[in-house]
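Quick one: structure below, then a few questions.
Each chain gets a letter, A, B and so on, in the order the sequences are listed, and its residues count up from 1. This structure is a prediction, so every number in the text was calculated from the model and none was measured.
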Amino acid sequence: MKNRDALRSALLAWYDRQARALAWRVSPADRRAGVRADPYRVWLSEVMLQQTTVPHATPYFLSFTQRWPTVSDLAAVDDGDLMAAWAGLGYYARARNLLACARAVAGLHDGVFPDTEEGLRALPGVGAYTAAAVAAIAFDRPANVVDGNVERVMSRLFAVETPLPDAKPELKALAGGLVTDDRPGDWAQALMDLGATVCKPKGPLCDRCPVSAWCAAFKGGAPETYPRKTRKADRPRRHGVAYILTRGDAVALVRRPPKGLLGGMLGLPTSAWRASPYDDAEAVAAAPVAASWRDLGAVEHVFTHFSLTLRVFAAEGANAGDFVWTPREGLGALPSVFLKAARAAERLI
DNA sequence: TATCCGTGGTC
DNA sequence: TGACCAAGGAT
């Protein structure tokens with residue numbers, strides 16, 4: 001596999017020169033000097049980075065590692081505190097699984113992460129990608145680490161015509177053909193860095209690419225047209241009403257059901273979310289308590305699989321109802337959709 | 001296996 | 001404004 005080894009050398013050399021400095025990353029130079037990555041930090045970063053950009057995840061990573069320096073510290077956190085700390089990052093099942101995983105490692109494994117892909121894969125919230133990434137980056141196992149970046153790079157390197165998502169097994173097999181026992185952690189990160197900074201979805205920087213000489217899509221002249229994709233269904237729109245009930249400085253919140261959309265998070269009380277808009281009478285009728293509700297306009301929010309138009313109504317001083325009364329400063333613990341509604345209200349009140 | 005699950009940036 | 005996209009996992 002002379003061709004493979006030449007490609008690998010070119011990409012690893014590129015990574016040695018210009019690996020991104022990321023908060024959770026041990027630089028290639030430090031790795032050569034014998035510095036080991038902390039499995040806890042690698043795992044935490046990988047979970048935070050699932051479907052999440054580096055700039056968005058970084059401040060959360062810094063805050064988490066400062067507050068909870070070890071997996072055992074994290075395992076001891078109160079559920080509500082953890083959910084509040086995760087607020088704004090999205091995909092809240094990750095936070096629930098994060099805590100379950102930390103407690104499993106702290107309890108069952110005495111605070112030590114499993115050092116094999118199989119052992120990691122058995123933990124809550126750790127799927128094929130995360131298990132491979134932690135095995136490679138933290139334990140230098142020759143795991144096949146395949147994320148969206150790697151899929152894109154493979155689709156271009158080999159000009160794969162099969163559209164995603166059908167192409168996933170093919171792309172994973174192609175990626176696996178490039179993995180060796182040599183520097184598995186650096187290889188995985190080099191591939192992902194290449195995808196993130198050079199082999200970008202739009203406007204790939206092929207003139208700066210260390211492996212363009214091996215790239216079939218580059219040879220073909222239209223690298224940006226890969227990976228091929230099947231058309232996605234369009235997003236439906238839903239309508240709802242959020243209610244801002246205040247008592248002095250406190251706002252009435254509700255703890256959402258443990259599973260499903262925004263599961264386990266604090267939120268504003270809302271009506272049901274449905275296909276048709278709410279008129280004024282319906283909005284007042286759906287309120288959690290009787291009060292003199294005022295119309296404060298509406299906010300738009302986009303979830304993964306639907307768009308939401310949320311009307312915002314506010315009232316003061318009602319006593320009835322079972323709420324979590326929270327000072328205004330505590331609204332940072334809310335998912336973004338509710339934060340958006342609360343901010344709209346503050347502007348309009 | 002297809003669907004569900006957030007958010008913010010970019011073009 | 002809208003469509004796409006980002007270091008996916010659970011069910």
(request) Could you work out which one of C/dA10, B/dG6, C/dC4 sits closest to the side chain of A/Lys202? (result)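 Output: C/dC4.
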
(message) Please confirm whether the shortest side-chain N or O distance from A/His301 to OP1 or OP2 of B/dT7 is below 4.0 Å.
(response)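 Yes, such a contact exists.
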
(message) Heavy atoms from C-beta onward define the side chain here; which of C/dA6, C/dC4, B/dG6 lies closest to that of A/Arg94?
(response)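 It is B/dG6.
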
(message) Does C/dA6 have its OP1 or OP2 closer than 4.0 Å to a side-chain nitrogen or oxygen of A/Gln51?
(response)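 Checking C/dA6 against A/Gln51, no side-chain N or O comes under 4.0 Å of OP1 or OP2.
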
(request) Give a yes/no answer on whether the side chain of A/His56 brings an N or O atom under 4.0 Å of OP1 or OP2 in B/dG8. (result)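 No, outside the criterion.
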
(request) Check DNA chain B against residues 83-91 of chain A and give the residues with a non-hydrogen atom under 4.0 Å, in numerical order. (result)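 The answer is A/Gly88, A/Leu89, A/Gly90, A/Tyr91.
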
(request) Round to a whole Å and report the spacing from OH of A/Tyr92 to P of C/dA10. (result)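 Between P of C/dA10 and OH of A/Tyr92: 19 Å.
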
(message) Within the 4.0 Å heavy-atom criterion, would you say A/Pro55 contacts the bases, only the backbone, or no part of the nucleic acid?
(response)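 Counting heavy atoms under 4.0 Å across all strands, no contact is made by A/Pro55.
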
(request) Over 60° means perpendicular and under 30° means parallel, so classify the ring planes of A/Phe338 and A/Trp273, tilted if in between. (result)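 Because their plane-to-plane angle lies in the 30° to 60° range, the rings of A/Trp273 and A/Phe338 count as tilted.
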
(message) Out of the candidates A/Leu253, A/Val251, A/Thr246, A/Leu245, only one should pair with A/Trp325 under the side chain to side chain contact (heavy atoms under 4.5 Å, CB included) rule; please name it.
(response)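 Checked A/Leu253, A/Val251, A/Thr246, A/Leu245 against A/Trp325; only one passes side chain to side chain contact (heavy atoms under 4.5 Å, CB included): A/Leu245.
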
(message) Base, sugar-phosphate or nothing for A/Ala128? Non-hydrogen atoms, less than 4.0 Å.
(response)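 Since only primed, P, OP1 and OP2 atoms lie under 4.0 Å of A/Ala128, the category is sugar-phosphate.
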
(request) Considering only atom P, compute the distance from B/dG6 to C/dT11 and round it to an integer number of Å. (result)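 It works out to 14 Å between them.
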
(message) I want to verify a distance call: between B/dC5, B/dT7, C/dG8, whose nearest atom is closest to the A/Tyr129 side chain?
(response)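 Looking only at heavy atoms from C-beta outward on A/Tyr129, the closest nucleotide is C/dG8.
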
(message) Assess, by modelled atom type and distance only, whether the side chains of A/Arg25 and A/Gln189 contain a donor and an acceptor separated by less than 3.5 Å.
(response)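 Yes, side-chain donor-acceptor contact under 3.5 Å.
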
(request) Could you check whether A/Gly260 gets within reach of a base, just the sugar-phosphate, or nothing at all, counting any heavy atom under 4.0 Å? (result)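 Touches sugar-phosphate only.
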
(request) Select base, sugar-phosphate, or nothing to describe what A/Val150 touches, counting heavy atoms under 4.0 Å on all strands. (result)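 Here A/Val150 touches no strand at all.
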
(request) Report which part of the nucleic acid A/Asp234 touches: base, sugar-phosphate, or nothing (heavy-atom distance under 4.0 Å, all strands). (result)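 Result for A/Asp234 = nothing.
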
(request) Scan A/Arg152 against the nucleic acid and name what it touches under 4.0 Å (heavy atoms): base, sugar-phosphate only, or nothing. (result)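 Result for A/Arg152 = sugar-phosphate.
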
(request) Look at the side chain of A/Thr52 and the base of B/dG8, then say whether one donor and one acceptor between them are separated by less than 3.5 Å. (result)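 No.
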
(message) Below 30° counts as parallel, above 60° as perpendicular, anything between as tilted: where do the rings of A/Tyr243 and A/Phe313 land?
(response)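 Tilted, since the angle between the ring planes falls between 30° and 60°.
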
(message) I want to know whether A/His305 and A/Phe303 have ring centres closer than 6.0 Å.
(response)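 Centroid distance A/His305-A/Phe303: not below 6.0 Å, so no.
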
(request) Answer with yes or no whether the side chains of A/Tyr91 and A/Thr304 bring together a donor and an acceptor at under 3.5 Å. (result)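 A/Tyr91 and A/Thr304 do have a side-chain donor-acceptor pair below 3.5 Å.
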
(request) For A/Trp273 and B/dC4, give me the distance from atom CH2 to atom C1', rounded to whole Å. (result)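 In whole Å, B/dC4 C1' and A/Trp273 CH2 are 14 Å from each other.
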
(request) Answer with yes or no whether the side chains of A/Gln50 and A/Tyr129 bring together a donor and an acceptor at under 3.5 Å. (result)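 Note: A/Tyr129 and A/Gln50 side chains miss the donor-acceptor criterion.
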
(message) Distance check needed: B/dT7 P versus A/Gln50 CD, whole Å only.
(response)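 Whole-Å distance recorded here is 16 Å.
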
(request) Starting at atom CD of A/Glu300, determine the distance to atom P of B/dG8, rounded to an integer number of angstrom. (result)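 Rounded to the whole Å, the gap is 15 Å.
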
(message) Using a 4.0 Å heavy-atom cut-off, does A/Leu22 contact any base of the nucleic acid, only the sugar-phosphate backbone, or nothing at all?
(response)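 The residue A/Leu22 makes base contact.
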
(request) Show which residues join A/Tyr226 in its hydrophobic cluster (side-chain heavy-atom contacts under 4.5 Å, direct or indirect), or state none. (result)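 A/Tyr226 clusters with nothing; isolated.
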
(message) Of the options C/dC4, C/dA6, B/dC4, whose atoms approach the side-chain atoms of A/Thr53 most closely?
(response)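 Nucleotide nearest to A/Thr53's side chain: C/dA6.
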
(request) Record whether the side chain of A/Thr304 comes under 3.5 Å of the base of B/dG6 through a donor-acceptor pair of N or O atoms. (result)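 Between B/dG6 and A/Thr304, which were checked side chain against base, a qualifying N/O pair under 3.5 Å is present.
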
(message) The side chain of A/Lys259 is closest to which nucleotide in this list: C/dT11, B/dC5, B/dT7?
(response)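 Nucleotide nearest to A/Lys259's side chain: C/dT11.
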
(message) Any base atoms under 4.0 Å from A/Ser45, or only sugar-phosphate, or nothing? Heavy atoms, all strands.
(response)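 Here A/Ser45 touches no strand at all.
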
(request) State whether A/Phe306 and A/Arg235 meet the cation-pi test: NZ (Lys) or CZ (Arg) under 6.0 Å from the six-membered ring centroid, and within 45° of the perpendicular axis. (result)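 Not flagged: A/Arg235 not positioned over aromatic ring of A/Phe306.
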
(request) Take A/Arg20 and A/Arg237, find for each the nucleotide of DNA chain C with the closest heavy atom, and name the residue whose nucleotide sits nearer the 5' end. (result)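 Upstream on the strand: A/Arg237.
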
(message) Using whole Å, what does the distance between atom P of nucleotide C/dA6 and atom NZ of A/Lys200 come to?
(response)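 My rounded result for the distance is 12 Å.
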
(message) Using a 4.0 Å heavy-atom cut-off, does A/Val47 contact any base of the nucleic acid, only the sugar-phosphate backbone, or nothing at all?
(response)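 Answer is nothing: A/Val47 stays at 4.0 Å or more from every strand.
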
(request) Starting from C1' on B/dT7, measure out to CG on A/Leu262 and report it in whole angstrom. (result)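 So the CG-C1' distance, A/Leu262 to B/dT7, works out to 11 Å.
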
(request) Starting from the 5' end of DNA chain C, give me the residue, A/Ile137 or A/Pro124, whose nearest nucleotide shows up first. (result)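 On the 5' side of the pair lies A/Ile137.
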
(message) Please report the distance, rounded to the nearest Å, between CZ in A/Arg96 and P in B/dC5.
(response)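 Going from CZ in A/Arg96 over to P in B/dC5 covers 10 Å.
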
(message) The side chain of A/Lys229 is closest to which nucleotide in this list: B/dT7, C/dG9, C/dC5?
(response)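 Nearest nucleotide to the side chain: C/dC5.
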
(message) Distance check needed: C/dA3 P versus A/Phe306 CZ, whole Å only.
(response)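 These atoms are roughly 16 Å apart.
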
(message) Measuring from atom CZ of A/Arg103 to atom NE2 of A/His109, what distance do you get when rounded to the nearest 0.5 angstrom?
(response)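 A/Arg103 atom CZ to A/His109 atom NE2 measures 15.5 Å (nearest 0.5 Å).
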
